[in-house]
Peer 1: 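Sharing a structure below in structure tokens format, with a few things to ask.
The analysis underlying the following values was restricted to heavy atoms, covering all of them including side chains, and did not include hydrogens, waters or symmetry mates.
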Amino acid sequence: MASLYSAISNPGHSLSPSALPHDTKPKKICYSQCPTFLPPHRSRICRMGFVSGLERKKTLKPRIISSVTDTPVNTSPEKVQLPKGDTWSVHKFGGTCMGNSERIKNVAKIILSDDSERKFVVVSAMSKVTDMMYDLINKAQSRDESYISALDAVLEKHRSTALDLIDGDDLCSFLAQLQHDISNLKAMLRAIYIAGHATESFTDFVVGHGELWSAQMLSCVVRKNGVDCNWMDTREVLIVNPTSSNQVDPDFKESEERLEKWYSKNPSKAIVATGFIASTPQNIPTTLKRDGSDFSAAIMGALFKAGQVTIWTDVDGVYSADPRKVSEAVILKTLSYQEAWEMSYFGANVLHPRTIIPVMRYDIPIIIRNVFNLAAPGTKICRSTEDEEGQGLESFVKGFATIDNLALVNVEGTGMAGVPGTASTIFNAVKDVGANVIMISQASSEHSVCFAVPEKEVNAVFELLQSRFHEALNAGRLSQVQVIPNCSILATVGQKMASTPGVSATLFNALAKANINVRAIAQGCSEYNITVVLKREDCIRALRAVHSRFYLSRTTIAMGIIGPGLIGATLLDQLRDQAATLKEEFNIDLRVMGITGSRTMLLSEAGIDLSRWRELQKEKGVVADMDKFVQHVHGNQFIPNKVLVDCTADSSIASHYYDWLRKGIHVVTPNKKANSGPLDQYLKIRALQRQSYTHYFYEATVGAGLPIINTLQGLLETGDKILRIEGVFSGTLSYIFNNFIGRRTFSEVVAEAKHAGYTEPDPRDDLSGTDVCRKVIILARESGLKLELSDIPVESLVPEPLKNSASAEDFMEKLPQFDHDWAKKRQIAEDAGEVLRYVGVVDMVNQKGTVKLQTYKNDHPFAQLSGADNIIAFTTTRYKDQPLIIRGPGAGAEVTAGGVFSDILRLASYLGAPS
């Protein structure tokens with residue numbers, strides 16, 4: 001025990017069999033030593049098998065070997081040559097694949113169904129076993145005696161699995177070996193417990209037992225199915241040179257020699273080998289570190305010069321992005337070695353970058369497949385072809401990966417330019433603290449260098465840089481060493497994408513439209529990736545935005561509907577009816593994440609079921625809170641684009657637009673209050689809109705569903721000059737004057753319009769002309785006039801004595817008193833061959849606007865109106881003799897909601913949806 005204690009407590013001592021106490025040294029196991037922990041009905045059979053084995057010992061090929069150093073021995077004197085090449089296929093099965101007895105049986109079926117002439121299978125420890133083994137070490141080092149019960153749990157896990165998988169001699173042999181290994185481990189852990197410390201070599205030795213046991217069990221199952229199969233302890237074959245605590249380099253020459261020697265003694269067409277573990281040139285057990293089993297498979301594939309290496313896992317292949325973050329991520333059919341390398345470096349769940357190196361030497365393809373879905377073809381990683389199939393930008397960009405929890409370190413100053421050694425000093429300091437540099441970016445002016453490191457390492461880096469550059473900072477040659485915390489990296493990966501015009505522009509355009517600010521950029525001349533540094537909270541939104549753009553996956557927009565009244569409710573029903581078509585035919589996914597009224601609001605994390613939003617609002621509605629509502633919609637990190645749709649006529653809601661837009665939330669509204677309110681607030685919103693990629697759409701503020709705003713903007717953007725805009729802007733007043741004909745009285749027509757739902761609850765709101773005035777001011781401001789609402793003279797149609805009526809009912813009751821006056825106005829117009837129309841005018845020549853009752857000749861377009869139609873005439877330098885006229889329904893919930901819906905779809909088009 002003294003020598004074992006010394007080896008554990010002194011990191012300078014190496015692990016070797018001589019370091020083990022007498023009772024832990026490797027030994028041959030006598031066939032008569034049947035494990036006492038077998039169930040009675042299995043134990044007797046095994047004992048009979050052992051006796052029979054002893055009687056046949058001259059002819060029986062021994063199968064029981066030590067898990068530490070012993071090797072199965074072939075008694076044949078002939079030396080068997082190791083065949084190499086495409087006849088070998090290499091498979092690797094991870095811990096999930098080997099999770100329990102049923103999964104191990106499934107793995108055996110896959111091996112048996114492979115029609116390759118020769119098969120080499122690399123396995124990990126059973127699921128969770130590696131963690132259990134590390135836990136044993138940690139508990140023993142901490143002098144926690146529960147390591148004993150934890151070791152018993154390891155024993156029971158493998159014993160019960162073996163009892164379910166194998167029987168006969170193989171079962172007895174394995175259980176005897178398992179008991180022997182557990183006894184050795186118990187003695188070693190006791191020594192670690194006493195020393196309070198374990199060297200890396202001892203840790204690697206203990207942890208590697210999981211692979212030894214899983215390899216032995218699987219080989220027994222394969223052999224049970226009639227296939228000649230040996231198992232390999234790769235510590236006898238695979239030799240590596242540790243280069244750091246987290247990395248090793250394979251010694252291919254020595255490993256190849258040992259493989260040929262091993263195979264000459266153990267020829268077989270099926271070999272099950274341990275992953276993850278290896279040996280140093282001094283025969284000290286070690287591991288291949290992170291994703292070591294994948295690395296083992298790649299190295300062995302290279303040693304055999306195999307036809308292919310298949311990595312079996314629990315996903316269908318390599319995704320274009322993390323499917324937990326991007327639900328529309330797709331399985332990639334192929335990746336080049338370099339693309340897989342780049343994606344894995346930046347955190348994609350592909351392979352460890354070092355796994356790819358061995359197979360690249362011999363152009364051996366790697367196939368990533370799902371052990372639970374054999375129908376899926378998986379992803380093939382191979383050398384790329386020059387003329388890759390596929391068209392469009394998505395064929396050049398293969399995938400996206402992210403790394404979180406980073407900090408950006410920025411060193412800048414005018415004294416850096418042209419001064420040799422500055423970068424060397426910076427990165428020597430980083431090296432001295434042992435930090436890992438993820439990305440470097442330097443401006444060509446040499447004024448600054450910035451680089452990303454893990455956030456947990458940034459303080460040490462910052463302090464050392466401050467110390468190293470103390471003189472330069474005091475002298476002013478360097479202006480600052482700055483740390484920017486809470487960063488993430490987004491990497492865009494694709495073969496030759498940098499040489500394809502438009503890829504970078506598309507990437508940054510997608511980020512800009514999602515309102516994502518880029519803090520640093522790096523791109524190598526290898527043309528395989530573009531890396532950007534972002535705020536951590538923007539990372540998922542950025543990932544979804546760029547993936548949506550390149551893969552034409554659905555343009556998803558998180559929506560918040562404010563005001564589920566007449567227009568809002570109609571809009572929700574239109575969204576419900578059109579949702580499936582938008583998804584299937586236009587790749588647009590509009591998800592209503594919240595609906596709020598003045599009293600209650602309904603919130604959802606995944607999107608409200610619009611087929612029953614009214615019922616849900618009653619069942620699950622909570623007290624309305626606008627701040628919480630906005631935060632709920634804006635705070636969704638899984639949807640890059642957010643829009644608030646204000647279907648109210650509330651000026652207090654409109655006052656929030658600027659803050660929403662500043663936060664990156666798009667706004668769509670039929671609410672006229674923001675664009676016709678105080679001029680300074682309007683100008684602030686428009687200035688912000690021009691400076692950002694946040695959109696503000698308000699087509700329905702003037703003509704409901706008619707394209708009035710869009711037409712006006714198109715005329716101005718193409719260089720036309722507006723001379724005059726004149727129109728019937730109120731659907732309500734259009735209806736009233738279109739029907740105020742013959743012998744009908746004015747009050748009768750107003751009552752009819754109110755009953756039909758054309759007017760506001762109080763008709764004075766329409767007859768006052770205020771609504772028309774707001775539309776005029778919106779068009780005037782859109783045309784470039786800086787007018788306030790008070791600058792527009794308005795002719796009110798409400799009789800002066802009735803302006804202060806106590807209620808709408810009182811107003812309607814007294815309105816007939818003025819029918820004679822209205823009949824007289826109508827008669828005067830008719831006598832002149834004219835009609836009455838209530839119009840708004842924007843006079844750009846005289847820089848003013850008016851709202852008034854006016855007469856038009858019977859042949860004038862304004863006289864041809866019917867129903868509640870609106871009509872607008874644009875007189876411009878291009879349309880001077882014949883004005884441009886837009887006519888159509890200008891009132892009603894259906895057309896107004898339709899206008900809002902059209903703006904939402906226009907937003908989706910701006911954000912990348914097909915147009």
Peer 1: Could you check whether any side-chain N or O of Glu699 sits under 3.5 Å from a backbone N or O of Asn710, counting only pairs where one atom can act as donor and the other as acceptor?
Peer 2: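 Between the backbone of Asn710 and the side chain of Glu699 there is a qualifying donor-acceptor contact (under 3.5 Å).
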Peer 1: Taking it one step at a time, do Met844 and Leu785 satisfy side-chain contact (heavy atoms from CB on, under 4.5 Å)?
Peer 2: CA-CA 8 Å; Met844 293 298 293; Leu785 297 182; 3.6 Å; yes
Peer 1: Counting only heavy atoms not in Tyr879, do more than 12 sit closer than 6.0 Å to its OH atom?
Peer 2: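 No - once you tally the heavy atoms of other residues, nucleotides and ligands closer than 6.0 Å, there are 12 at most.
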Peer 1: Mind checking whether Lys775 and Ser676 have side chains closer than 4.5 Å, heavy atoms only?
Peer 2: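 Result no, sub-4.5 Å side-chain heavy-atom pair not found.
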Peer 1: Is a side-chain donor-acceptor pair under 3.5 Å present for Tyr910 with Asn641?
Peer 2: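 No, no side-chain donor-acceptor contact under 3.5 Å.
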Peer 1: Using 4.0 Å as the upper bound for N to carboxylate O, is an ion pair formed by Lys857 and Asp859?
Peer 2: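 Judged by the 4.0 Å cut-off on N to carboxylate O distance, Asp859 and Lys857 do not form a salt bridge.
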Peer 1: Would you call Val839 and Thr850 a side-chain contact if the rule is heavy atoms closer than 4.5 Å?
Peer 2: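 Not in contact.
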Peer 1: Could you check Tyr735 against Tyr758 for ring-ring contact (aromatic ring centres under 6.0 Å, His included), going step by step and ending with a plain yes or no?
Peer 2: CA-CA 8 Å; Tyr735 179 88; Tyr758 285 116; 4.6 Å; yes
Peer 1: Please check if the side chain of Asp766 supplies one atom and the backbone of Glu760 the other of a donor-acceptor pair under 3.5 Å.
Peer 2: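 Yes: the side chain of Asp766 pairs with the backbone of Glu760.
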Peer 1: Are any of the side-chain heavy atoms of His666 and Lys642 separated by less than 4.5 Å?
Peer 2: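 Side-chain contact under 4.5 Å: no.
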Peer 1: For Ile828, is there any backbone N or O sitting under 3.5 Å from a side-chain donor or acceptor partner on Asp831?
Peer 2: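 No.
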Peer 1: Might you work through the ring-ring contact (aromatic ring centres under 6.0 Å, His included) test for His820 and Phe818, ending with a clear yes or no?
Peer 2: CA-CA 5 Å; His820 178 72; Phe818 299 89; over 10 Å; no
Peer 1: Please check if any side-chain donor atom of Asp720 sits under 3.5 Å from a side-chain acceptor atom of Thr718, or the reverse.
Peer 2: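 No, no side-chain donor-acceptor contact under 3.5 Å.
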Peer 1: Quick one, Val851 with Tyr838, criterion side-chain contact (heavy atoms from CB on, under 4.5 Å). Give me CA distance, side-chain angles, the key distance, then yes/no.
Peer 2: CA-CA 8 Å; Val851 176; Tyr838 194 76; 3.3 Å; yes
Peer 1: With rounding to the nearest 0.5 angstrom, report the NZ to NZ distance, Lys721 to Lys880.
Peer 2: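 NZ of Lys880 is found 9.5 Å from NZ of Lys721.
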Peer 1: I'd like to check Leu779 versus Ile708 (side-chain heavy atoms, cut-off strictly below 4.5 Å). Are they in contact?
Peer 2: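 Leu779 vs Ile708: side chains touch.
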Peer 1: Step through the shown structure and confirm whether more than 12 heavy atoms of other residues, nucleotides or ligands are within 6.0 Å of CD on Gln882.
Peer 2: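 Not more than 12 within 6.0 Å, no.
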Peer 1: State plainly whether the residues Glu788 and Arg781 are in salt-bridge range, i.e. N to O under 4.0 Å.
Peer 2: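 Here Glu788 pairs with Arg781 in a salt bridge, since their nearest N and O are under 4.0 Å apart.
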Peer 1: Considering only NZ, NE, NH1 and NH2 on the basic side and carboxylate oxygens on the acidic side, decide whether Asp771 and Lys672 come within less than 4.0 Å.
Peer 2: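 So Asp771 pairs with Lys672 through a salt bridge.
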Peer 1: Does the pair Leu797 and Ser768 meet the rule for a side-chain contact (heavy atoms from CB on, under 4.5 Å), with working shown?
Peer 2: CA-CA 6 Å; Leu797 304 182; Ser768 68; over 6 Å; no
Peer 1: Looking only at atom types and distance, does a side-chain atom of Arg541 sit under 3.5 Å from a main-chain N or O of Ile516, one as donor and one as acceptor?
Peer 2: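 Looks like no, no N/O pair under 3.5 Å.
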Peer 1: Under 3.5 Å, is there a donor on one side chain and an acceptor on the other for Ser747 and Asp819?
Peer 2: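 On atom types as modelled, these side chains qualify, holding a pair under 3.5 Å.
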Peer 1: Counting heavy atoms not belonging to Asn846, are there more than 12 under 6.0 Å from its CG?
Peer 2: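 Enclosed.
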Peer 1: Could you tell me if Tyr682 and Arg686 have a donor-acceptor pair between their side chains, going purely by distance under 3.5 Å?
Peer 2: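 Side chains of Arg686 and Tyr682: pair found under 3.5 Å.
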Peer 1: Less than 4.5 Å apart, any side-chain heavy atom of Asp869 and any of Pro889?
Peer 2: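 With C-beta onward as the side chain, the pair touches.
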Peer 1: Can you check whether Leu679 reaches Leu683 side chain to side chain, under 4.5 Å on heavy atoms?
Peer 2: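 Leu679 vs Leu683: side chains touch.
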Peer 1: What I want to check is whether the side chains of Gln864 and Tyr856 have a donor and an acceptor closer together than 3.5 Å.
Peer 2: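 Checked: Gln864/Tyr856 side chains show no N/O donor-acceptor pair below 3.5 Å.
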Peer 1: Is the Phe746-Phe740 ring centre distance short of 6.0 angstrom?
Peer 2: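 Centroid separation for Phe746 and Phe740: below 6.0 Å.
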Peer 1: Which value, rounded to the nearest 0.5 Å, describes the distance between Leu712 atom CG and Ile872 atom CD1?
Peer 2: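 Leu712 atom CG to Ile872 atom CD1 measures 11.0 Å (nearest 0.5 Å).
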Peer 1: Could you please spell out the steps behind the side-chain contact (heavy atoms from CB on, under 4.5 Å) verdict for Thr648 and Ile562?
Peer 2: CA-CA 7 Å; Thr648 72; Ile562 303 170; 4.0 Å; yes
Peer 1: Applying the side chain to side chain contact (heavy atoms under 4.5 Å, CB included) test to Val645, which of Val592, Thr669, Asn671, Ile904 qualifies?
Peer 2: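 Between Val645 and the candidates, side chain to side chain contact (heavy atoms under 4.5 Å, CB included) is satisfied uniquely by Ile904.
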Peer 1: Would the distance check show the side chain of Arg906 and the main-chain N or O of Phe697 forming a donor-acceptor pair, the cut-off being under 3.5 Å?
Peer 2: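 Checked: no pair found.
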Peer 1: For Ala649, is there any backbone N or O sitting under 3.5 Å from a side-chain donor or acceptor partner on Lys673?
Peer 2: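 Flag set: sc Lys673 to bb Ala649 pair under 3.5 Å.
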Peer 1: Without hydrogens or angle criteria, can the side chains of Asp627 and Gln631 be said to hold a donor-acceptor pair below 3.5 Å?
Peer 2: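 No, Gln631 and Asp627 have no side-chain donor paired with an acceptor closer than 3.5 Å.
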Peer 1: Flag the pair Tyr657 / Tyr696 as yes when their ring centroid distance falls below 6.0 Å, and as no otherwise.
Peer 2: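 Centroid distance Tyr657-Tyr696: below 6.0 Å, so yes.
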Peer 1: Parallel, tilted or perpendicular, judged at 30° and 60°: which one describes the rings of Phe862 and His860?
Peer 2: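 Geometry flag for His860 against Phe862: perpendicular rings.
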Peer 1: Taking the side chain as every heavy atom from C-beta outward, state whether Val326 and Leu543 have any atom pair closer than 4.5 Å.
Peer 2: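 Of all side-chain heavy-atom pairs linking Leu543 with Val326, at least one is under 4.5 Å.
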Peer 1: Hey, could you give me each pair passing side-chain hydrogen bond (donor to acceptor under 3.5 Å, both in side chains) that has a residue in residues 591-605? Not counting sequence neighbours.
Peer 2: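 Sorted pair list: Asp589-Arg591.
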Peer 1: Answer yes or no: does atom CD of Glu813 have more than 12 heavy-atom neighbours from other residues, nucleotides or ligands under 6.0 Å?
Peer 2: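 No - once you tally the heavy atoms of other residues, nucleotides and ligands closer than 6.0 Å, there are 12 at most.
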Peer 1: Quickly, which of Leu602, Ile608, Leu603 forms a side chain to side chain contact (heavy atoms under 4.5 Å, CB included) with Lys620? Name it, please.
Peer 2: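 Exactly one pass, corresponding to Leu602.
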